[in-house]
Peer 1: 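Handing you a structure now.
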Amino acid sequence: MGLWMEWEVSGIAAAGEEVLDTEGAVRALDVSIDRIRERAGLNVAQDRMLLHEAAEARKRLLSEGHTAVHEGRLWSVVVGDVRVSLTPRDHG
């Protein structure tokens with residue numbers, strides 16, 4: 001299938017990329033969150049909040065998001081400052 005994924009951490013970074021599936025979207029989100037944590041100069045409280053919000057977004061992506069995109073529907077979630085959206089791409 002293929003998905004277009006957009007993500008944002010409000011006020012820090014945003015991007016979009018094509019991923020194969022929801023598991024690929026989770027990997028892309030994790031890499032992005034790790035880069036933000038390395039480069040954004042977050043304090044301890046901000047870092048913990050980002051980790052918490054990303055974990056909740058990841059959990060919902062793998063449950064609600066997985067179901068939605070396999071049904072051919074757009075899906076998005078906002079958890080605090082973390083936003084993720086997935087759009088199914090038809091390559092047929």
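Both backbone and side-chain heavy atoms feed into the values below; hydrogens, waters and symmetry mates do not.
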Peer 1: Tell me, do V84 and L29 make a side-chain contact under 4.5 Å, heavy atoms counted?
Peer 2: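 V84 vs L29: side chains touch.
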Peer 1: Got a donor-acceptor contact below 3.5 angstrom from the Q46 side chain to the N43 backbone?
Peer 2: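 Pair found, side chain donor or acceptor close to backbone of N43.
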Peer 1: Could you check if a side-chain atom of S32 sits within less than 4.5 angstrom of a side-chain atom of W7, using non-hydrogen atoms only?
Peer 2: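 Of all side-chain heavy-atom pairs linking W7 with S32, at least one is under 4.5 Å.
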Peer 1: Evaluate the side-chain proximity of L74 to S85: yes if any heavy-atom separation is below 4.5 Å, no if none is.
Peer 2: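 No. Closest side-chain heavy atoms not under 4.5 Å.
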Peer 1: Could you walk me through whether V9 and I33 pass the side chain to side chain contact (heavy atoms under 4.5 Å, CB included) check?
Peer 2: CA-CA 9 Å; V9 176; I33 295 297; 3.9 Å; yes
Peer 1: Measuring from L86:CG to H66:NE2, what's the distance to the nearest 0.5 Å?
Peer 2: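 The CG atom of L86 sits 11.5 Å away from the NE2 atom of H66.
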Peer 1: Within this structure, what is the OG1-CH2 distance for the pair T67 and W75, rounded to the nearest 0.5 Å?
Peer 2: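 That separation rounds to 10.5 Å.
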Peer 1: From R73 CZ over to T87 OG1, what is the distance, rounded to the nearest 0.5 angstrom?
Peer 2: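 Interatomic distance, R73 CZ to T87 OG1, rounded to 0.5 Å: 12.5 Å.
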Peer 1: Which pair of heavy atoms, one from A28 and one from V19, lies closest together, and at what distance?
Peer 2: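 Shortest heavy-atom contact: CB-CG1, 4.2 Å.
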Peer 1: With sequence neighbours excluded, what pairs up with E53 under the salt bridge (charged side-chain N to carboxylate O under 4.0 Å, His left out) test?
Peer 2: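 So E53 forms no salt bridge (charged side-chain N to carboxylate O under 4.0 Å, His left out) with any residue.
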Peer 1: Evaluate the side-chain proximity of I36 to L50: yes if any heavy-atom separation is below 4.5 Å, no if none is.
Peer 2: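 A side-chain contact exists here, since the closest heavy-atom pair is under 4.5 Å.
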Peer 1: Please collect all salt bridge (charged side-chain N to carboxylate O under 4.0 Å, His left out) contacts where either partner lies in residues 55-64, sequence neighbours excluded, each pair once.
Peer 2: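 For residues 55-64, and leaving out neighbouring residues, the salt bridge (charged side-chain N to carboxylate O under 4.0 Å, His left out) pairs sorted by first residue read D30-R58, E56-K59, R60-E64.
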Peer 1: Which heavy atom of D21 sits nearest to which heavy atom of L3, and what is that distance?
Peer 2: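 Between these two residues, the closest heavy atoms are C-CD1, 3.6 Å.
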Peer 1: List the residues meeting salt bridge (charged side-chain N to carboxylate O under 4.0 Å, His left out) with R35, not counting sequence neighbours, and say none if there are none.
Peer 2: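 Partners of R35 by the salt bridge (charged side-chain N to carboxylate O under 4.0 Å, His left out) criterion come out as none, since no residue qualifies.
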Peer 1: With a 4.5 Å limit on heavy-atom distance, are the side chains of E18 and M5 in contact?
Peer 2: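 They are not in contact (no side-chain heavy atoms under 4.5 Å apart), so the answer is no.
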Peer 1: Between L62 and V77, is there shared hydrophobic-cluster membership here, with clusters defined by ILVMFWY side-chain heavy atoms closer than 4.5 Å?
Peer 2: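 The answer is yes; both residues are in one hydrophobic cluster.
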Peer 1: Is there a side chain to side chain contact (heavy atoms under 4.5 Å, CB included) between E17 and E6? Walk through the geometry before answering.
Peer 2: CA-CA 7 Å; E17 66 185 275; E6 294 181 346; over 6 Å; no
Peer 1: Search all heavy atoms of I12 against all heavy atoms of A40 and return the closest pair with its distance.
Peer 2: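 Looking at all heavy atoms of both residues, the closest pair is CG2-CB, 4.1 Å.
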Peer 1: Could you state the interatomic distance from CZ (R48) to CG (L42), rounded to the nearest 0.5 Å?
Peer 2: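 Spacing of CZ (R48) from CG (L42) equals 12.5 Å.
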Peer 1: For the OG atom of S10 and the CZ atom of R83, what is their distance to the nearest 0.5 Å?
Peer 2: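 CZ of R83 is found 8.0 Å from OG of S10.
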Peer 1: Should T22 and V69 count as side-chain neighbours, where that means a heavy-atom distance under 4.5 Å?
Peer 2: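 The answer is yes, as the side chains (C-beta and beyond) meet within the 4.5 Å cut-off.
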